[in-house]
Structure formats: C-alpha cells, structure tokens
Amino acid sequence: MEPAASGSPRPDLAPTSPSMSAPPSRYESQKRRDWNTFLQYLRNHKPPLTLTRCSGAHVLEFLKYLDQFGKTKVHVDTCPFFGQPDPPSSCSCPHKQAWGSLDALIGRLRAAYEENGGRPDSNPFAARAVRIYLREVKESQAKARGIPYEKKKRKRQPTVTTVRLDVDLTSGVAGDGSHGDSTAVSGAVLPLG
C-alpha cells in the first residue's frame with residue numbers, strides 16, 4: 001500500500017469497528033452478570049417463570065434466596081451481641097446480604113430490565129414492595145449492628161460574600177476643609193466571612 005498523502009487519513013488508522021470496542025466497564029459487567037443470575041433463578045424456579053410473569057414478589061424471593069450467600073453477620077434480637085458494632089466474640093447468628101449490596105443489586109437489575117426491553121411502568125425491581133423490603137433490611141441491619149445508617153451529606157463549597165462599598169472620602173471628613181487634596185476611594189470590595 002502506498003503511503004497516504006500528507007494531511008489525508010491513512011486507511012489503516014480508520015476508526016475501530018464495534019467488534020473492536022473497549023471492554024465493558026466494571027458496572028456494565030456486573031449488571032450483565034446480575035441479570036444472567038436473575039434469569040437463571042427464574043428458569044430454576046418451581047414452576048419456571050418467564051420475565052413477563054415476574055412480579056415484585058418474585059424479586060423479594062430472589063433477594064431472600066441470595067441471603068444464603070451473604071457475608072454480613074446480622075445479629076438476631078435475642079443475641080447478646082445485638083446492637084454492638086464490634087462484638088467481642090463470635091456467635092451463631094446468620095450471615096446475610098448487606099443492605100448496601102442489595103440496594104446496588106436492585107439498581108443494576110432495574111436498569112438491566114429496561115435495557116432488555118422491559119417497560120418502566122411494569123419493572124418488578126421498582127415495585128413498592130421491593131422498596132419497602134430494602135428499607136426494612138436497612139433499618140434492621142442498622143439496629144442489629146448498633147450503627148445507624150446516615151444519609152451522606154453533600155459537601156458544600158464555602159461561600160464567600162463580597163460587599164461593594166462606594167466611599168467618597170472627600171465628603172464628610174473632618175480636617176482642614178479642603179476637598180481638593182483628599183483622595184477618593186470608589187468601588188472598594190471587601191470580602192466577608
């Protein structure tokens with residue numbers, strides 16, 4: 001192939017085709033993996049379910065099923081360590097999925113549902129029952145750990161207020177009464193706070 005003339009694009013440096021695009025982001029990979037896991041759960045459901053028949057109740061079953069794979073110890077209210085953030089020894093309380101993990105999972109599945117052709121108004125991951133369940137999990141885990149979940153506060157930029165003062169030092173100044181020799185300051189800006 002002959003070298004391209006100066007200033008014209010070379011054919012071998014053409015834009016990449018879709019098949020050569022960058023690998024998916026970590027979020028996209030996780031979303032695809034979560035989606036495939038949920039679809040597998042529906043296929044293994046007794047009786048097997050189709051996505052169109054899936055409801056918020058099935059999403060709750062799925063979330064409860066996932067608890068068996070959780071790594072967060074959640075103390076039951078009869079446990080002596082209930083409400084203690086750092087218990088001194090181990091106990092037989094169950095491991096569950098952490099609230100934050102479930103919340104993120106539902107967010108990814110909610111997006112995946114719509115990306116795979118589901119209508120937003122029929123999204124089972126956006127069902128009221130799912131939101132209530134997540135709130136209850138959050139509150140119960142916070143109580144069991146003795147650590148309240150607090151909303152992250154947005155950091156506010158410090159505000160600097162400036163005030164413009166127009167001061168004429170030639171008028172109203174005590175002195176020899178001559179107004180011509182004094183310097184006038186006009187438009188001084190003083191920062192406050």
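We count residues from 1, following the sequence as given. In this text, all values refer to a predicted model and were calculated from it rather than measured experimentally. Excluded from the calculations below are hydrogen atoms, water molecules and symmetry mates; all remaining heavy atoms, backbone and side chain alike, are included.
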Measure across Trp35 and Ala112 and return the closest heavy-atom pair with its distance rounded to 0.1 Å. CE3-CB, 3.7 Å

Report yes or no: does Lys73 contribute a side-chain atom to a donor-acceptor pair with the main-chain N or O of Cys91 at less than 3.5 Å? yes

Do Phe81 and Pro88 come close enough that some side-chain heavy atom pair is under 4.5 Å? yes

Reported NE2-to-OG distance for the pair His75 and Ser140, which is rounded to 0.5 angstrom: 12.5 Å

Less than 4.5 Å apart, side chain to side chain, heavy atoms only: is that true for Ser101 and Lys71? no

Run the side chain to side chain contact (heavy atoms under 4.5 Å, CB included) test on Thr37 and Gln40 for me, step by step, so that the C-alpha distance in whole Å, both residues' side-chain angles and the decisive distance to 0.1 Å come before the verdict. CA-CA 5 Å; Thr37 301; Gln40 183 66 44; 5.7 Å; no

Using side-chain contact (heavy atoms from CB on, under 4.5 Å) as the criterion, point out the one residue from Arg33, Arg32, Arg26 that pairs with Gln30. Arg33

Counting only N and O atoms by type, is there a donor-acceptor contact under 3.5 Å from the side chain of Asp103 to the main-chain atoms of Trp99? no

Qualifying residue for side-chain contact (heavy atoms from CB on, under 4.5 Å) with Leu134, from Leu102, Leu105, Leu60: Leu102

Side-chain touch Val59/Pro124, heavy atoms, less than 4.5 angstrom: yes

Begin from the C-alpha positions of Phe38 and Asp34 and carry the test side chain to side chain contact (heavy atoms under 4.5 Å, CB included) through to its verdict. CA-CA 6 Å; Phe38 183 72; Asp34 293 340; over 6 Å; no

Look at atom CZ of Arg43 and say whether more than 12 heavy atoms of other residues, nucleotides or ligands are closer to it than 6.0 Å. yes

Hey, what do you get for OG (Ser29) to CZ (Arg108), rounding to the nearest 0.5 Å? 11.0 Å

Are Leu51 and Val130 co-members of a hydrophobic cluster defined by side-chain heavy atoms under 4.5 Å apart? yes

When hydrophobic residues are tied together by side-chain contacts of less than 4.5 Å, even through go-betweens, does Val74 share a cluster with Phe69? no

Could you give the distance from CD (Gln68) to NE2 (His95), rounded to the nearest 0.5 Å? 14.0 Å

When rounded to the nearest 0.5 Å, the distance separating CG of Leu39 from CG of Asn44 is 11.0 Å

Stepwise side chain to side chain contact (heavy atoms under 4.5 Å, CB included) test for Phe62 and Leu109: CA-CA 12 Å; Phe62 177 65; Leu109 289 173; 4.0 Å; yes

State yes or no: do Tyr27 and Ile106 share one hydrophobic cluster built from I, L, V, M, F, W and Y residues joined by side-chain heavy-atom distances below 4.5 Å, directly or via other members? no

Do Leu63 and Gln97 pass the side chain to side chain contact (heavy atoms under 4.5 Å, CB included) test, and can you show the C-alpha distance, the side-chain angles, and the key distance before you say yes or no? CA-CA 8 Å; Leu63 295 178; Gln97 290 289 336; over 6 Å; no

Does Lys31 pair with Glu28 as a salt bridge, N-O distance under 4.0 Å? yes

Any chance you could measure His58, atom NE2, to Arg53, atom CZ, to the nearest 0.5 Å? 9.5 Å

Parallel, tilted or perpendicular: which fits the ring planes of Tyr113 and Phe125, with parallel below 30° and perpendicular above 60°? perpendicular

Co-membership, hydrophobic cluster, residues Val137 and Val76, 4.5 Å side-chain: no

Rounded to the nearest 0.5 Å, how far does NZ of Lys64 lie from NZ of Lys96? 9.5 Å

Hey, is the main chain of Glu136 close enough, under 3.5 Å, to the side chain of Glu139 for a donor-acceptor pair? no

